[in-house]
Amino acid sequence: MRLQHAPVVPWADSEERVVKDLLIKTSELSKTYVMGEFKVHALRGVDMEVSKGEFIAIMGASGSGKTTFMNLLGCLDHPSSGSYLLDGTEVHTISDAELTRIRNQKIGYVFQSFYLLPRTTALENVELPLLYCNKCNLHQRHEKALSAMRKVGIEDRRHHFPNQLSGGQQQRVAIARAIVNDPVFILADEPTGNLDTRTSLEVMAVLQQLHSEGKTIVLVTHENDIASYAERLVTFRDGKIISDVLNQNPHNALADLAKLPKLEEED
Amino acid sequence: MSIFGIIRIAVKSLARNKTRTFLTMLGIMIGVAAVIAMLAIGQGAKKIVDDQINSMGTNVIIISSNWGSQRSGARPAAGSGQLLEVADVEAIRDRVEGVLYASTIYNTWGRMKYEGNNWRTGIMGVDADYFFIRDMQAEKGSLFFSSDIENSNKVCIIGKTVADNLFGETDPVDKIIRIRNIPFRVAGVLKAKGQNVNGNDQDDIVLAPYTTVYTRLLGQHWRNMMIMVSAESKETINVVQQDILDLLQSRHRGTTSEEFSVRTQTDVAEAANKVSNTMTILLASIAGISLLVGGIGIMNIMLVSVTERIKEIGIRMAVGAGKRDVLLQFIIEAVTISILGGFLGILLGFGAAEVVGKSMKWSVAVTPWSVVLAVGFSCAIGIFFGWYPARKAANLNLIDALRYE
Ligand SMILES: Nc1ncnc2c1ncn2[C@@H]1O[C@H](COP(=O)(O)OP(=O)(O)O)[C@@H](O)[C@H]1O
Ligand SMILES: [Mg+2]
């Protein structure tokens with residue numbers, strides 16, 4: 001594994017990173033799915049802290065609870081037990097309506113299968129979170145959506161429908177949607193899972209760019225290559241964190257992209 | 001999020017599925033159109049009845065006897081089967097206060113002939129007062145007079161249709177026509193009244209002195225007599241009505257009030273309107289059922305649409321749509337369909353009423369309240385039938401919705 005060659009510092013030892021602008025703190029976070037007589041313990045007590053501006057990759061085998069954890073971080077689901085502090089809010093105690101508001105304003109979610117609305121233009125998809133907050137009028141909505149699209153380099157496709165876009169382009173639209181409301185952090189659950197190497201690198205480059213602009217990002221992946229672009233690696237197994245290390249030497253996606261053999265240009 | 005924003009979202013998603021939206025709308029559209037058209041036709045029927053009754057004349061009271069129906073089995077002897085008699089007319093005219101005119105009426109049918117032309121129509125034996133009661137004038141020639149009645153003269157007045165059919169271009173006045181082979185002199189032609197609202201030709205009629213009709217044209221067994229009276233004013237008409245009934249009872253010893261039918265125009269109108277109202281309610285109920293079916297159609301489609309869009313709902317919730325937003329979106333979609341359908345239905349209903357009116361020569365009338373009713377109803381249907389699918393959508397679990405394939 002390439003990552004192991006890089007110098008790695010265990011989380012507990014890195015004194016200087018602790019409680020510096022704490023954004024997320026989970027303690028004993030558990031999630032149990034009840035399916036009839038079966039109980040699936042997807043998360044069994046996760047303690048984790050995330051500071052503002054971190055870029056974290058969560059790794060682990062399939063079924064280890066990564067998505068479940070992301071859903072809890074993203075306020076898409078309630079934990080079965082434990083507590084979750086997000087940007088000063090005790091998320092596990094608040095009402096559904098407040099949870100909805102937090103989803104809308106504090107979190108940007110990027111999914112593996114994009115989750116764009118079909119038969120809806122890229123621009124309208126990006127505008128979607130803005131529709132559900134009363135803060136801006138039609139004109140401001142367009143402006144914000146366009147500037148988000150510009151940031152991820154997809155604004156020239158604003159009138160295209162999702163089925164007219166490639167996977168990488170769709171994911172960029174999804175990222176634009178995630179950042180349009182200027183959230184405090186971005187959650188990306190295997191955003192490159194459905195993409196080939198080149199487009200995966202493009203998406204990672206976009207995420208690294210957002211990170212360099214100060215966004216906090218939590219990314220799930222099971223590919224070490226992808227994880228190597230993050231600054232901190234958290235590994236899950238059976239619903240628990242088994243390792244939490246810093247990646248002192250994160251790769252640069254743009255540089256790696258340049259190293260790829262050039263595509264034969266047809267046209 | 002604001003209600004306008006949700007309306008925008010709802011309208012957009014309807015626009016994304018134009019065919020389905022239109023097909024769903026069709027149910028409501030036809031339902032509303034049916035209700036509007038049925039109410040308009042019903043209203044038209046009422047108007048027809050009203051017009052017909054008003055065309056009888058002003059402040060008219062119609063008197064007939066119920067002899068036959070009251071004493072079935074004890075049929076009257078030939079020629080005397082009639083409770084009413086001509087002397088009653090004299091008595092009403094002389095002794096009841098507030099009576100302007102009164103006329104005996106005998107109705108019969110007959111074939112008439114002038115040279116080679118034949119025609120068959122209704123013949124009325126009337127008093128000279130009848131012309132005043134019905135407000136009739138002669139277009140050509142003259143009406144007949146009291147003297148003609150006293151002398152049982154064989155004169156008649158013919159309507160324009162009869163004149164056209166028997167005479168064509170010839171001037172009928174003072175010509176002799178043969179009614180049931182009995183020669184009558186044509187004294188005049190009535191001023192044309194045209195068709196009534198019902199499409200019946202009011203000019204297809206022959207009037208003759210009742211005395212002549214009685215002696216010359218009526219059979220021995222059917223001498224059913226009617227009396228038509230015109231009261232002086234609307235205000236006194238009910239008093240006159242009662243006085244006539246009292247008078248008739250006192251003149252015919254041993255009869256009950258049931259044996260006479262003394263009805264004012266209003267009575268006739270009310271009876272007729274009862275029938276047409278019942279018809280209207282019946283028709284509108286049937287139309288209402290189709291509206292209900294349209295509403296169930298909306299619910300059906302909305303349920304399908306919720307299932308089809310579970311993922312979309314999940315995505316919307318993930319980016320910040322609350323339960324209320326989703327609930328409202330689906331209700332507004334349903335209401336938009338039903339209001340739009342209702343609106344198109346109103347237009348269609350107007351059109352249908354117009355076509356029915358034209359083809360059946362009814363003056364149909366779309367009343368404003370039927371439009372209000374239809375719009376209100378379709379709005380209610382949208383909310384009622386949209387509620388359940390919308391609830392289903394809003395209560396979806398976010399994670400399950402996102403994972404739904
Ligand atoms: N909605 C659910 N209902 C029931 N079980 C679930 C649900 N989501 C996940 N699980 C189960 O929880 C465990 C963890 O799943 P998940 O968080 O999706 O893992 P990962 O994303 O790491 O592959 C798995 O065993 C999975 O089957
Ligand atoms: Mg997963």
Side-chain angles (χ1 to χ4, degrees), chain A residues 31 33 35 42 67-68 70-72 74-79 95-121 124-138 141 161-162 174 176-181 183 187 189, chain B residues 1-22 301 304-333 336 390-405:
Chain A
K31 179 74 185 177
Y33 295 109
M35 308 180 75
T67 295
T68 305
M70 291 293 269
N71 288 346
L72 293 182
C75 299
L76 299 175
D77 210 354
H78 296 282
S95 70
D96 272 356
E98 284 171 282
L99 218 55
T100 301
R101 211 181 53 77
I102 287 183
R103 275 203 296 273
N104 183 237
Q105 322 224 315
K106 298 209 166 173
I107 302 169
Y109 221 121
V110 182
F111 302 91
Q112 176 174 357
S113 39
F114 323 134
Y115 288 167
L116 299 177
L117 292 189
R119 278 168 291 170
T120 306
T121 63
E124 284 176 319
N125 263 296
V126 175
E127 280 182 349
L128 199 59
L130 300 175
L131 287 180
Y132 291 103
C133 69
N134 286 328
K135 282 195 294 208
C136 37
N137 63 29
L138 192 101
R141 263 207 308 272
F161 292 115
R177 182 180 65 189
I179 61 172
V180 73
N181 233 345
L187 292 171
D189 191 355
Chain B
M1 113 170 271
S2 74
I3 191 82
F4 292 108
I6 299 181
I7 290 175
R8 256 173 56 94
I9 290 175
V11 170
K12 262 193 185 156
S13 46
L14 289 179
R16 240 171 260 143
N17 254 309
K18 292 198 184 60
T19 318
R20 187 175 69 192
T21 304
F22 176 73
I301 294 294
V304 170
S305 147
V306 167
T307 316
E308 207 178 77
R309 287 151 66 191
I310 286 181
K311 192 144 214 155
E312 172 190 330
I313 296 163
I315 295 170
R316 286 181 185 281
M317 285 177 154
V319 301
K323 266 188 195 320
R324 177 180 155 274
D325 298 328
V326 175
L327 186 80
L328 280 178
Q329 176 186 341
F330 277 85
I331 287 185
I332 289 172
E333 281 186 26
T336 308
R391 274 290 304 265
K392 251 187 108 157
N395 285 336
L396 282 175
N397 176 284
L398 205 177
I399 298 294
D400 293 343
L402 273 181
R403 285 163 59 108
Y404 186 85
E405 288 305 329

[X] portion near chain B, given a 4.5 angstrom heavy-atom threshold:
X        : answer
A:Pro183 : neither
A:Arg177 : side chain
A:Gln105 : neither
A:Tyr109 : neither

Would you confirm whether A:Tyr132, through its side chain, and B:Arg316, through its main-chain N or O, come within 3.5 Å as a donor-acceptor pair? no
Donor-acceptor under 3.5 Å (A:Arg103 side chain, B:Met317 main chain): yes
Working to the nearest 0.5 angstrom, can you tell me the gap between [X] [atom1] and [Y] [atom2]?
X        : Y        : atom1 : atom2 : answer
B:Arg16  : A:Leu117 : CZ    : CG    : 6.5 Å
B:Ile399 : A:Tyr33  : CD1   : OH    : 6.0 Å
B:Asp325 : A:Leu131 : CG    : CG    : 10.0 Å
A:Asn71  : B:Leu402 : CG    : CG    : 7.5 Å
B:Ile9   : A:Leu128 : CD1   : CG    : 6.5 Å

Atom CZ of residue position B:Arg20 - does it have more than 12 heavy atoms of other residues, nucleotides or ligands inside 6.0 Å? yes
Around atom NZ of B:Lys311, are there more than 12 heavy atoms of other residues, nucleotides or ligands at under 6.0 Å? yes
Side-chain heavy atoms of B:Lys323 within contact of A:Thr100, under 4.5 Å: no
Is it the backbone or the side chain of B:Arg309 that comes under 4.5 Å from a heavy atom of chain A, or both, or neither? neither
Chain B: which of A:Thr120, A:Ile102, A:Thr67 shares the most heavy-atom pairs with it under 4.5 Å? A:Thr120
